[in-house]
Each structure stands twice: as structure tokens, then as C-alpha cells.
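Chain letters run A, B, ... following the sequence lines, proteins first, then strands; residues in each count from 1.
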Amino acid sequence: MTVAVQTEVFEGPFDLLLHLILREQVDLYEVSLSAIVDAYLVELERMGDLGLDLDMATEFLLIAATLVELKARRLLPDESGIDLDEELALWEERDLLLSRLLECKTFKDAAQVLSELEADAGRSHPRTAGLEDRFADLAPDLLEGVTPQQLRDAFVRATAPKPVPRVEMDHVAPIRLSVADAVEELVDELPRVGRIGFRALTSSLVERLEVVVRFLAVLELFKQGLVDLDQPTTFGEIEIVWLGDEAHDHADLAAIDVYDG
Amino acid sequence: MSELPDDAPVVAEARRAIEGVLMVADEPVDPQLLAQLIELSVPRVEELCAEMAAGYEAEERGFVLVRVAGGYRFQSHPEMAPYVERFVLDGQAARLSAAALETLAIVAYKQPVSRAQIAAIRGVSVDGVMRTLQQRGYIDEIGRDPGPGQAVLFGTTQHFLERLGLDSLADLPPLGDFVPGADVVEALEHGLRIEATLPDTASLPDTAPPAPEGPDGPVDPEGPTGPDT
Amino acid sequence: MSELPDDAPVVAEARRAIEGVLMVADEPVDPQLLAQLIELSVPRVEELCAEMAAGYEAEERGFVLVRVAGGYRFQSHPEMAPYVERFVLDGQAARLSAAALETLAIVAYKQPVSRAQIAAIRGVSVDGVMRTLQQRGYIDEIGRDPGPGQAVLFGTTQHFLERLGLDSLADLPPLGDFVPGADVVEALEHGLRIEATLPDTASLPDTAPPAPEGPDGPVDPEGPTGPDT
């Protein structure tokens, strides 16, 4: 089951963020962006090994994007350029993220206790032997009230295919853009420009989701060794450098289909 | 008791272990198996069980430890039968569990069928349920598989037909349209994935026919949570 | 024991009857039903069961009498697990994954709750995990949201209580116990600190929502800031 993509340590993006902040005592403003992105990349890679869950991957990236946004504001203290509404929105975003992290932590701890309860209870096994034969005739007829129709329905139910574990993607469906498409665009575009900043690469995009998909596509290319990612200065722009040759064989990109539900 | 003092802790532990195991066993437990579990000799185990049985009787417990069908098991004390009878008559929900009904349905429609075949369809062990059904006289052994292993084959009984008000098996409601498609059956039998073949997955939640179409499985009346949240 | 001498035979018989009935039960038996069977009051039955349970423990039996999911049943003693587990090996359900446990915790504490609400808290889609939990009988659909969309609402089952050894949901440790302490909140706030860039920092405290609402705070009505935002 894909959602059971359980890395040993992190169950999801909140988890990783919780970990980064609480266990590593990371101050997101004092650590370099690349460290955080690296941590997320490592997680993505681990997830990839286990069969990537696009949902979770996207969520990871969204959180990463939020963090980048938070950091970006911090790093560009151009007061004239920042509009009040945006600033307030940022605060709201932060508080939302904060309360979600707290909620996540609460249920994580609660789950731990439930798990202990179950483990304790699991050491004791119930008696289920049931009725002894000598009482069998006594019990009222168990088929009382059961119709042949119900029996047929039960058969249909019993023989219906059991849900097959698989990557759930339908709910990401209304996307007009897929990672595979984005990769294709990039493979088309990057050889021509050679080197480009991520910001420039996404400047024409309106929706956050599009940016995320683009980001995911960049990561995919990085994973495949077709681009190099560089962040020349701490907190700086991410630079993407094309490593592949001019006419990259698209067939090599077949693997991306994994993302594409 | 005849143990030497040194033996006492071992014996006490062995008794507890036997009590624990017999409490959860659905079937009489072979003394051989008990001996293996608690690492004592079979005669020693039998001696212990006899002592325990006598002990329960002496303490006037509501249960007894008996040796039946080649093994030991706990059962209610015969003198408690009036209470147990009342419990059976008033208390026990007088209906088949969903699991039992499904198992019975499989036997009815697929007979002759072996336990293993039913377990394969249901995806769980069906021993307990099969025993109940047999105990109730709804199903019975009707032969043996000629193949290797000679698995016992089960079928429904005359009593079953009577209870359902049917003259013969031919009167069972036809499965008709509800028979899963050949691809589905095959996929089930081979434990394969069924790939969605509908062209427009985005519209699936609304248009997908009820049961066993896609890999999403039949049970999601709400449709995928997602875009509509 | 506190019974008057006159009471003694009645009590002894009641104990035996309870033992006998529980021996043939395959699920926890409601004290109400026991009371009816042995013609004593429910509190009296509960008192007796508690005494019996304490008695078995004192006698170092290999089994225990527990109250779980609203009823009484016999179980093997947890200390006998090493023996019993070798015996009931195949009956062992696989442990729940961390994801499943966290989802289960949300359902347990927030029920009735919809898939979308859970996904909002978890930050990931929970469809697969929910299906696993439902298949394994821990949760079930318990109704529909009266609001628009009529989302299916989920809650925990009887089986959940049995698996966790709880008598009722009231026995769950209070959620308040798990709300992160001030140190954690502070660490998180620090980690997500935004340095004010507005000219007038004094106005910030008003506009920024105060402290986080904590886990019981409003769930993001828009669902996860997921792919669909």
C-alpha cells in the first residue's frame, strides 16, 4: 500500500519538519536553504526507493516551498517592496503551519500510546472457542430470516475483488500539468539556456502547483543526472545547470512515468 | 502433589502455561504439542493436566478440563448447562456473522469446494467458520478431491435447502449480472492487479459503476477525497 | 469477601455460572446479560467479576478475566504470551504501520470524522490507510455529515476496543495529555520565526493570530494545503 510508504523516521512532510525543528534544533533561518532542501531530497529519494507516492512527495515539496517563501521574505528585507497584505498573509501562513505542526505532534504522541496499548493487549489472547457441540442444537436456527437473495448478495460480496494496493492519484487529477510534461518541457528548454535560476525558470507560472510540479521535474532531472543543482551563496537562488547533451533521448525519461499516475 | 521442592517453580510455570494455551485453543490440544510447548515429557504433561482437572473440580469451578478427541480442552461444567443454555437461547445473537454467511454462500455456489479454495477466495482462514457451519448442519463433507492431497470437499446439506425454503440447488438465485467479469475472476485467481481501463480517470468517482471495476476497489462511496475538499 | 453467610451459596453458584458461560462465549459478554442469566443485579455481577479476576491473579492462573469493549471475557495471561504465541501463531495480525496508527489516533479522538478532515490533519492523503484500518476492523463508517457533500464519517469499532484492551472510548488517555508542552511550542515558533520587516513592528502582535490553537483548534477548512490548493 503506497500510503504505507513509511520511511523509518518520517511519515510525512510535517513529520520531517517536526524532526528538523525539534530534534535537530534547527533554526530555519540560521541553517542554509540547501540543508533543508537536502533533507527533503533525501526523504524523497528514500520514498522513491519504496515506490514514490506523488501525494506525499508533493506535500513535502509544498512545505519546502512554504519554508522557502518564509525564508525568502526574511532574506529580502526590502521594505519598500513588501506589501502589507502579503506580510500579514505570511504571518497567517506561518501560524497555520505552526498549528498544524502542533496538531501533528499531538496525534503522533497519541498514536504512540495507542500502539503501546495494543502491544500490551496483544500479549493476551482471547478465548474464542465458542459453543460446545452439545449445545449446538439448542441455538436458534442461524439462517432464520436469511433469504436466498441475501445469500447471493453475500456470494457477490465475497467474490468481489479486494481492493488492490496502488498509488492513489485520482485526487490529484484535475491537474492539467504532470511532472512528466514538465520534465519534457525542461528537457526541451534547458539545453538551450544551459544555466538558469529556479526563479527565472518559474517566473511565468501563476499557480503554486505549477511551480511545485516544475520543482519536482527539476528534482527528477537532478536524480537522473541530467542537471546539476547549485546554490552559489547561502540562501541564494538555486541554479540549474544542464548536463545532458543537446538532443537528449527522451526514451531515457520513461522512468518519470512513475510520477504520473 | 508429588513434586520435589526443587521442581515446584517449574511445575507452577507449566501449569500456568497449560492454562494459558488451553484458554485460547479452539480445538482440543494434543498432549504431545503441550509437552513440546512447555518442554516437559508427555507423561508429565498428562499427569499435570489430570491434577489440574481434579483441582478445578475440587475448587468447584464453573469449567472443567477434559480430555477429548485426543487432546485437552476447557469446557463449561456440565452442571452449568442450564446457564449456558439460557445464554445460547437469549443472549447469543441468533444470526450468522457476515463472515459465516459469505463462507456459506461460497460453499453453496461453488460446491464441491475445499477449505483451501474457500480460504483463497475469502482471503482468510475459514476453519472456525466452516466448523460452525458444519456443526449447524448447513454444510457437510461430500467427497474428496481426486488430485494430490485429496482435500476434503464440502457442499451444502438438505437441511440448508430446507432452511432457505429451496427445493434444490437449482433454485438458488442466479448470479446473473452480478458475476464479476472474466478478467476480474482471472485477476483474483492469479492474484494479479487489475488495471483501470476506463479512459477518463478523472471522472471515475461519478461514473464508475458500483462494485468491482477499478483498482480503487469497490468500497468508496465517498469517492476519492481530493479536489473537492 | 463481604457476603453474609446466607448469601454465600448464591454467590458461589453465580461465580460458577459466570465461569461456565464465559467459557463458551466467543466475544466479550455484557454484564447486563450475565446479570439476567444468573439473576443478580448488574453492579453485583460487576463486583463478582472483579473479585474473580483478582482471585485468578492471586492464584497465579495462566488466564485472566478482563473487562473489555463493554463486556467480560477470558484471555490468556500476558505473561504466558511466549507459550501462547507459539500456539496461535497464524492468528497474529500484522502490526499497524506508524501511518495507520496516527490515522487511527485521529479517528479515535475526533470521531465522527471525515476522510478529508483526517487528511487535513495528517497533511497527506489517507485513503489507503483508512481502507486498511477499515478492512482490519478498527474503524467503520458510522454516518454521514449532514452538511453539503454528505461526507462519510468514520469512528472506531468494538474490535478497536478489544484490540487495545479498552472497556470503552472513555478509557482512552485524554488527548490533552498529548498536547505539546510550552517548550515544544516555543521551539516550533522559534523554528518558524518570521522577522518583521514592517516599519511598525508594534502593530504585529495584533494582526498575527495569537498562540496556535493547539490540536483541538480549528481544522483548516480548506483541507490539506495539498496538490489541490
task: Name the region of C:Ile38, side chain, backbone, both or neither, that has any atom closer than 4.5 Å to a heavy atom of chain B.
output: both
message: Out of C:Ala12, C:Ser76, C:Ala81, C:Pro82, return the one with the most heavy atom pairs under 4.5 angstrom to chain B.
response: C:Ser76
- prompt: For C:Val64, is it the side chain, the backbone, both or neither that has a heavy atom under 4.5 Å from a heavy atom of chain B?
  reply: neither
Test side-chain hydrogen bond (donor to acceptor under 3.5 Å, both in side chains) applied to B:Glu141 - qualifying residues, sequence neighbours left out: none
message: If you apply the rule salt bridge (Lys or Arg N to Asp or Glu O under 4.0 Å), what do you find for C:Arg16 with B:Glu79, and how did you get there?
response: CA-CA 9 Å; C:Arg16 294 188 82 195; B:Glu79 287 171 18; 3.0 Å; yes
- line: The reported gap from CZ in B:Phe63 to CZ in C:Phe74 (rounded to nearest 0.5 angstrom) is 5.5 Å
message: Quick check for you: to the nearest 0.5 Å, what is the distance between B:Met23 atom CE and C:Arg61 atom CZ?
response: 9.5 Å
field: Summary of side-chain hydrogen bond (donor to acceptor under 3.5 Å, both in side chains) pairs that have at least one residue in residues 28-39 of chain C, sequence neighbours excluded
entry: B:Arg86-C:Glu39
task: Could you look at B:Gln75 and say if it's the side chain, the backbone, both or neither that has a heavy atom under 4.5 Å from chain C?
output: backbone
statement: Taken to the nearest 0.5 Å, the spacing of C:Glu59 CD from B:Arg15 CZ works out to 12.5 Å
message: Under the criterion side-chain hydrogen bond (donor to acceptor under 3.5 Å, both in side chains), I'd like the reasoning laid out for B:Tyr56 against C:Glu19: C-alpha separation, chi angles, the key distance, then a yes or no.
response: CA-CA 11 Å; B:Tyr56 299 137; C:Glu19 283 181 333; over 6 Å; no
query: What is the minimum heavy-atom distance between C:Leu37 and B:Phe87, and which atoms define it?
result: CD2-N, 3.4 Å
message: I need the minimum non-hydrogen distance between C:Val84 and B:Val21, along with the two atoms involved.
response: CG2-N, 4.0 Å
